Undergrad: 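Starting off with a structure, shown below.
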Amino acid sequence: MSSNGDLTEVMSNITSNNAGNKFTIVSFIAALILLSYTGYDTVIYRTDVISDFAEDNQYRITFSTMNETMQSVQTLQDDETTNIQFDLSDLSISDGYSIGIIEVVITSEEEEGVSVQCDSVAGDIIENDLTAQWNDTSNDLSGQDSSCQPIYLKLRVYPNYDGESVTVFSTNEYQALQNWSQTGWGLGALSLDLDLDVNSPLGFDPIGQDSDEEITVDVTVVTFSVSIQET
Amino acid sequence: MAEQESMVPVAAIVYFLLGVTSLILLNRSKNRMWMDRLAGYMLSWALIFFGLRYAAVSVRDTSWWENMGITSQFDIFQYLFFSFSIAAFAIAAIFPFIYPYPVFQKSSTIKLVAPTTFLVSLAIIISMMLTEYKYVGFWQILLAPSFIILIPIYFRFLSEEMLEGDDTARRMSLAAGTMLIAFFGQQMTWWLAQLLSINDEFVARSAIEAGVGSYSYVPNWIGYTVVNSLATIAILSLAAGETWRANTKGINGFTIVIFLILGVGLISGIADYAVLDIVDSCMYTVCESFPESYNIWYKFTTEALLLLFAPLMVMYVLLHFDVIDSEAEQNQWMTRIIVILMLLIVSSTMIELLQSFLPVSSMISSAILAMVVAIFIGWEERIMNALIGEGESISKKLSSLNELHEPDISENEIQLFSKSMGVLTAIIVILCFLYSSIVS
């Protein structure tokens, strides 16, 4: 008898073999079981996990600082330029701390000569292979003074570190701290050029007493550690 | 290690060329029964849509397009990629109702196949376009009917062959099994990972990598879970069935393919388990990249199966089950050319891929390619006989069982499918062009 194409007849033909039906039922039941537990894992459990990422969490990052200092006292002759190196590897930086900023204070005291006229002192932090933010706009790499005031220089070493606490939005603590867990900054030596130009009243020092100057260079290395709190 | 080149442009050529050639051969095979002709058109258009989908990806990856400096989230080629994918999936959803065992046998329902495919495709394409493809993964459930229909057909005819000694029943179980691999091949290689329920971690990683949006991923995950689970049970069912058959009838080519996929899935599952820390890194630390060896493994297994071997399987169905009349004088030369061409393209691509990470000089790879060409030329007769000579029509088998209705349906009504898909292609191209211009 030829088929008439009815859906019921077609379906009964497909399921006409009992052994085949048993295999099919086993396959369908297995598919349902698999669908149920993988469906739970994917659609319910993973949805919860992913919902944690749907909106970035807000974290507040604060910094604890610890300063290390180095000092050098140099006596410069008139019109002399000298270079001083501060090897940062000489510092003992505590575990978990990174170098954030290097601050330099150059001081000179005029005590000699007839008029005790202040000399001109200039200091420059020289760009070298010290790993730091050399092009950062907040840097003060050069300074000059002829009024016996200290010269303040600053070099940012760690990217974006300014000591102020920051608020970040991130999926987890690890990613929030990623910008603050870099290594490799502050390796090398700080190179500083000092320049002295002795000033006398009207350019005249009759007994030639004021021909040099003692210059003190104080280097403060600001190190920081990070703590994080979800807000 | 040389940079690995993408298989996608090759896939675009293979799919498109095979689809167009099949359409030409079908038009010369007027003596085929309605189900063969309709199935042939459906497979051909699915191949063409896949070819166009991969062509869109290939163009988008060219330096020419990158230099265009398109910054919008979606461009015309992304719209084309998604739209042609949806159209191909819509055909795949309706195909098991026609082949290898037509559930739709009434002329009234057969006539509805073309307009239904057209309208379903268009409705999904437009809705996905308007929702920026946020839920495009959901439509993988369109493959569910393939599992529901093909598994009973496979087991019915396998049981008839094994228990009742009907050797001609093999062609039905073989066709059903081959179509299951063609539809679920990619997901079948993830069977162990799905069984262990670790695929959800990969899905979650993808979501986080893509950037978690303000919309729900649940519809997409339903789609992925359904298709991965059905593919897992499909490959395990096929493995069980083929083991049963191999015990009494011996091993054949299809058995080897099934166990190859099973083996690939086993190794992939172990590899997936081994990289779970990397997968989870996105959630707990920061997304780490997978090891290079892991990426190479997937390129040669899952990706190659989807991009290169799936079209070969469709070609096998078209030729082996006499969907197209390869015996006809006018079709023979074209069939031979296309078969050898397909095999050569796939072989040369695999050799090139191997060369990209193995320290093999180009002289040696050229020699290997020459050997492959020689084998294909020398065994051309044998390959063609394996594909065509043993070919037995599914429709004839069903007719002999009195299970195939021969409705009063004209050639024009069958060809309506091809015409409507041609119109759909034109609409997709115009729609994508206009919509990408509007939103950019």
Side-chain angles (χ1 to χ4, degrees), chain A residues 1-57 169-179 181-182, chain B residues 101-107 109 147-149 151-160 162-164 194-195 197-201 203-204 207-208 212-214 216-218 221-222 224-226 228-230 232-234 236-237 240-241 282-286 398-399 401-407:
Chain A
M1 189 182 75
S2 178
S3 167
N4 62 18
D6 278 343
L7 193 61
T8 47
E9 188 192 343
V10 171
M11 293 316 291
S12 75
N13 284 337
I14 290 176
T15 55
S16 60
N17 187 289
N18 282 337
N21 290 346
K22 285 175 190 164
F23 286 120
T24 301
I25 288 167
V26 170
S27 292
F28 283 0
I29 290 171
L32 282 175
I33 293 168
L34 185 60
L35 262 171
S36 59
Y37 74 81
T38 56
Y40 173 82
D41 275 357
T42 309
V43 178
I44 296 170
Y45 175 69
R46 283 294 150 194
T47 300
D48 289 344
V49 173
I50 290 296
S51 66
D52 291 342
F53 298 90
E55 286 179 10
D56 282 343
N57 300 314
F169 294 90
S170 187
T171 50
N172 55 35
E173 281 191 10
Y174 183 93
Q175 291 186 22
L177 284 174
Q178 241 197 330
N179 287 337
S181 51
Q182 298 172 21
Chain B
Y101 195 106
V103 176
F104 297 156
Q105 294 199 18
K106 287 276 190 190
S107 65
T109 46
F147 177 86
I148 296 166
I149 295 170
I151 285 286
I153 294 168
Y154 174 78
F155 278 123
R156 176 198 154 181
F157 288 99
L158 183 74
S159 301
E160 283 183 7
M162 299 305 297
L163 300 175
E164 295 163 24
Q194 186 66 11
L195 218 53
S197 193
I198 57 174
N199 274 337
D200 59 306
E201 301 194 38
V203 170
I208 293 166
V212 179
S214 55
S216 170
Y217 278 81
V218 169
W221 290 354
I222 291 172
Y224 298 139
T225 306
V226 167
N228 287 345
S229 299
L230 297 185
T232 299
I233 300 303
L236 294 177
S237 301
C282 274
M283 282 155 261
Y284 305 115
T285 58
V286 65
L398 289 177
S399 292
L401 293 170
N402 290 326
E403 291 183 20
L404 183 65
H405 181 52
E406 292 179 27

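None of the values given here were measured: they were computed from a predicted structure. Letters go in sequence order (proteins before strands), and every chain restarts at 1. Side chains included, hydrogens not; waters and symmetry mates left out as well; all remaining heavy atoms used.
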Undergrad: Measure the spacing between CD of Q105(B) and CD of E9(A) and express it to the nearest 0.5 Å.
TA: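 Separation between the atoms: 7.5 Å.
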Undergrad: Minimum heavy-atom separation for W221(B) to T42(A), with atom names?
TA: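 Taking W221(B) first and T42(A) second, the nearest heavy atoms are CE3-O, 3.1 Å.
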Undergrad: Which pair of non-hydrogen atoms, one from S27(A) and one from F147(B), has the smallest distance, and what is that distance?
TA: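 In terms of heavy atoms, the two residues are closest at O-CZ, 4.4 Å.
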Undergrad: What part of L230(B) gets within 4.5 angstrom of chain A, counting heavy atoms only: side chain, backbone, both, or neither?
TA: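 The side chain, not the backbone.
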Undergrad: Heavy-atom distance under 4.5 Å to chain A: side chain of P102(B), backbone, both or neither?
TA: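 Interface part for P102(B): backbone (N, CA, C, O).
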Undergrad: Would you say the side chain of F23(A) lies within less than 4.5 Å of the side chain of I151(B), judging by non-hydrogen atoms?
TA: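 The answer is no; the side chains never approach within 4.5 Å.
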Undergrad: Side-chain atoms of residues 29-41 of chain A: list all donor-acceptor pairs with protein atoms under 3.5 Å, sequence neighbours left out, distances to 0.1 Å.
TA:
unit_1 : atom_1 : unit_2  : atom_2 : d
S36(A) : OG     : L32(A)  : O      : 3.3
S36(A) : OG     : I33(A)  : O      : 2.6
Y37(A) : OH     : L195(B) : O      : 2.6
T38(A) : OG1    : L34(A)  : O      : 2.5
T38(A) : OG1    : Q194(B) : NE2    : 3.3
T38(A) : OG1    : S229(B) : OG     : 3.2
D41(A) : OD2    : S197(B) : OG     : 2.4

Undergrad: Tell me the closest heavy-atom pair linking F28(A) and I148(B), and the distance in Å.
TA: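 Taking every non-hydrogen atom into account, CZ-O, 3.5 Å.
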Undergrad: Of the backbone (N, CA, C, O) and the side chain (C-beta and beyond), which part of L163(B) lies under 4.5 Å from a heavy atom of chain A, both, or neither?
TA: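 Interface part for L163(B): side chain.
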Undergrad: Just how far is it from atom CG of N17(A) to atom CZ of F155(B), taken to the nearest 0.5 Å?
TA: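 Answer for the CG-CZ pair, N17(A) versus F155(B), is 11.5 Å.
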Undergrad: I'd like to know which of N18(A), T15(A), I14(A) tops the heavy-atom pair count under 4.5 Å against chain B.
TA: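 Of N18(A), T15(A), I14(A), I14(A) has the most heavy-atom pairs under 4.5 Å with chain B.
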Undergrad: So, taking the atom named OG1 in T24(A) and the one named CZ in R156(B), what distance separates them when rounded to the nearest 0.5 Å?
TA: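 That separation rounds to 11.0 Å.
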Undergrad: If you count heavy-atom pairs under 4.5 Å between each of V26(A), V43(A), I44(A) and chain B, which one has the most?
TA: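 Top option by heavy-atom pairs under 4.5 Å: V43(A).
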Undergrad: Find the one option among S237(B), S107(B), P152(B) whose heavy-atom pairs under 4.5 Å with chain A are most numerous.
TA: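 Looking at each of S237(B), S107(B), P152(B) in turn, P152(B) comes out on top.
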